[in-house]
Peer 1: 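Here you go, one structure.
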Protein chains: 2
Amino acid sequence: MPQGERAEKVQDTEEEGASRQRGRYPKGILRRQQILDRTIEVFAEHGFEGTSLRAIGDAIGVSHAALKRYFETREELFVEVLREKDRQALADARVDVVETIDFASHLEDYVSRAPGLVALRHGMVARAIEPGNEHSRAFFVERYDSIRKEALLILRLAQAVGTVRADISPEVAASLVIAAMDGLSTQWLLDPQVDMNRGMTLLEHLLRPVAD
Amino acid sequence: MPQGERAEKVQDTEEEGASRQRGRYPKGILRRQQILDRTIEVFAEHGFEGTSLRAIGDAIGVSHAALKRYFETREELFVEVLREKDRQALADARVDVVETIDFASHLEDYVSRAPGLVALRHGMVARAIEPGNEHSRAFFVERYDSIRKEALLILRLAQAVGTVRADISPEVAASLVIAAMDGLSTQWLLDPQVDMNRGMTLLEHLLRPVAD
DNA sequence: CAGGAAAAGCTCCGAGTGGAACTTTTTTTG
DNA sequence: CAAAAAAAGTTCCACTCGGAGCTTTTCCTG
């Protein structure tokens with residue numbers, strides 16, 4: 001629930017009197033979206049350090065301070081970018097993928113979504129596990145929880161249908177599958193010679209019933 | 001081959017004449033080690049952003065510029081810290097671990113080695129996959145290559161002995177095992193409720209021959 | 001055990017960052 | 001449709017960073 005503080009605060013402190021708290025202007029809504037869109041582009045080109053509030057501001061023809069009207073800190077802006085991309089990904093998700101345990105193609109989607117996105121996520125996870133950075137930490141804890149649950153559903157279904165062996169904990173398997181995706185994409189990003197799909201496919205194979 | 005430039009350069013440019021190039025003084029050697037040791041401590045406490053050359057310098061009672069005599073950039077210093085820790089880990093490695101496919105305990109070692117070490121590595125990997133940062137990129141490409149090879153040896157041995165199923169590619173499995181370690185430790189660092197060992201143990205279980 | 005050369009270290013400098021106070025623009029509303 | 005109030009945006013400021021040039025210390029060498 002980002003950027004909702006304004007309304008709350010006014011609502012809480014002032015209780016009578018006319019005309020207060022107008023909310024975002026149309027122009028502001030557009031600008032906010034523009035910032036989110038441009039940020040990932042700037043990041044893809046210039047990396048983490050190169051993506052200062054000023055650099056993003058320059059890219060859209062506005063001062064760095066303007067961005068702070070929309071996002072308290074750079075950290076928060078980045079988190080919102082990721083949140084937005086997650087929303088988009090969820091919207092585009094092909095339903096048929098849920099029916100099968102084709103994690104390899106999930107991974108394909110994941111890494112090819114937008115240039116720089118995986119790098120941004122990586123950088124943010126790295127920050128999230130450090131002391132401080134509570135904001136990003138909270139986001140990722142929640143996010144991993146959510147994608148583990150998603151994987152869990154798929155695995156349970158697959159166990160019911162018999163395409164995944166039934167003698168393993170689907171909860172633990174969900175963690176493992178997500179971990180493999182993360183880890184394989186890391187290796188691939190470092191060295192494109194590493195074939196992530198083969199790794200992911202192997203895991204899928206290992207998960208299949210032994211009678212296969 | 002870090003810090004070797006000095007000798008080379010002098011050797012190359014000047015060819016005759018007495019007394020040139022003396023190499024590091026004893027004091028310098030100690031200092032260099034001290035910097036490496038302190039850096040990880042400062043990092044554990046203050047995170048990536050908080051670990052500026054100045055902060056490290058302050059921690060050992062020296063100006064930030066002094067550190068630059070030993071390491072060209074902060075990036076390079078961090079890489080050397082990781083290299084050093086890898087060396088130590090290799091030295092401490094229990095030989096008996098190689099005999100079995102106990103990847104779970106490998107992982108334990110890995111994450112509990114020094115506070116902040118995993119976070120530092122994470123942060124550096126994140127930087128390495130971005131444009132620029134060739135220095136860290138090269139280090140990690142090389143490092144992952146090396147640990148994949150290590151895992152490969154263990155897996156091949158296990159296949160020969162019959163503790164890992166023989167119908168899978170040990171190369172791909174090596175990649176997968178490393179990926180799982182990385183990914184599980186990430187999830188655990190974000191949320192200690194996640195039990196890495198169960199994930200790793202599951203993977204080991206899946207790797208065992210089907211007749212088990 | 002002195003003299004000197006290179007190593008080790010410090011101080012100051014320009015660049016770039018996020019934050020605060022102020023100005024302009026956009027809309028709402030009476 | 002004008003007045004006013006909040007949103008949107010800018011300019012300036014204080015701080016920290018890494019880098020260059022200069023000084024001091026260390027310790028080879030004759």
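The model shown is predicted, which means the values in this text are computed figures rather than measured ones. Every chain is numbered from 1 and lettered A, B, ... according to where its sequence line falls, protein lines coming before strand lines. Quick note: numbers below take in every heavy atom, side chains included, and nothing from hydrogens, waters or symmetry partners.
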Peer 1: Show the atom names and distances, to 0.1 Å, of all donor-acceptor pairs under 3.5 Å that link a side chain in residues 173-184 of chain A to residues at least two apart or in another chain.
Peer 2:
unit_1   : atom_1 : unit_2   : atom_2 : d
A:Ser175 : OG     : B:Gln187 : OE1    : 3.0
A:Asp182 : OD2    : A:Tyr144 : OH     : 2.5

Peer 1: How many Å lie between CD1 on B:Ile35 and P on C:dA7, as a whole number?
Peer 2: 16 Å
Peer 1: Please state how far atom CZ in B:Phe71 lies from atom C1' in C:dG9, giving the value in whole angstrom units.
Peer 2: 15 Å
Peer 1: Over how many whole Å does the gap from B:Arg31 atom CZ to C:dC10 atom C1' extend?
Peer 2: 13 Å
Peer 1: Which whole-number value in Å describes the distance from A:Leu77 CG to C:dT17 C1'?
Peer 2: 15 Å
Peer 1: Any salt bridge between B:Arg83 and B:Asp86, counting N to O under 4.0 Å?
Peer 2: no
Peer 1: Any N/O pairs under 3.5 Å between the protein and nucleotides 19-22 of chain C? List them or say none.
Peer 2:
unit_1 : atom_1 : unit_2  : atom_2 : d
C:dG19 : OP2    : A:Lys68 : NZ     : 2.1
C:dG19 : O6     : A:His64 : NE2    : 3.0

Peer 1: Rounded to whole angstroms, how far apart are CG on B:Asp58 and P on C:dG9?
Peer 2: 15 Å
Peer 1: In whole angstrom, give the distance that lies between atom CD of B:Glu49 and atom P of D:dG18.
Peer 2: 11 Å
Peer 1: OP1 or OP2 of D:dC17 sitting under 4.0 Å from any side-chain N/O of B:Ser52?
Peer 2: yes
Peer 1: Do B:Arg127 and B:Phe48 form a cation-pi contact, if we require the NZ or CZ to be under 6.0 Å from the six-membered ring centre and within 45 degrees of the ring's axis?
Peer 2: yes
Peer 1: Dump the pairs, protein N or O against N or O of nucleotides 25-28 of chain D, anything under 3.5 Å, distances to one decimal.
Peer 2:
unit_1 : atom_1 : unit_2  : atom_2 : d
D:dT26 : O2     : B:Tyr25 : OH     : 3.1
D:dC27 : OP1    : B:Lys27 : N      : 3.4

Peer 1: Would you sort out whether B:Asp37 and B:Gln33 count as a side-chain hydrogen bond (donor to acceptor under 3.5 Å, both in side chains), showing the intermediate values?
Peer 2: CA-CA 6 Å; B:Asp37 293 343; B:Gln33 192 57 47; 3.3 Å; yes
Peer 1: Grab the OH-C1' distance between A:Tyr70 and D:dT10 for me, whole Å please.
Peer 2: 13 Å
Peer 1: Roughly how far, to the nearest 0.5 Å, is CE of B:Met196 from OG1 of B:Thr186?
Peer 2: 10.5 Å
Peer 1: Could you grab the distance from atom CD of B:Glu108 to atom OG of B:Ser185, nearest 0.5 Å is fine?
Peer 2: 11.0 Å
Peer 1: Does this structure show an ion pair linking A:Glu171 with A:Arg156, if we count only N-O contacts that are shorter than 4.0 Å?
Peer 2: yes
Peer 1: Starting from C1' on D:dA7, measure out to CG on A:Leu67 and report it in whole angstrom.
Peer 2: 15 Å
Peer 1: Identify the residue among A:Val81, A:Val62, A:Asp58, A:Ile60 that makes a side-chain contact (heavy atoms from CB on, under 4.5 Å) with A:Arg38.
Peer 2: A:Ile60
Peer 1: Run the salt-bridge test on A:Asp109 and A:Arg113 with the 4.0 Å N-O cut-off and return the result as yes or no.
Peer 2: no
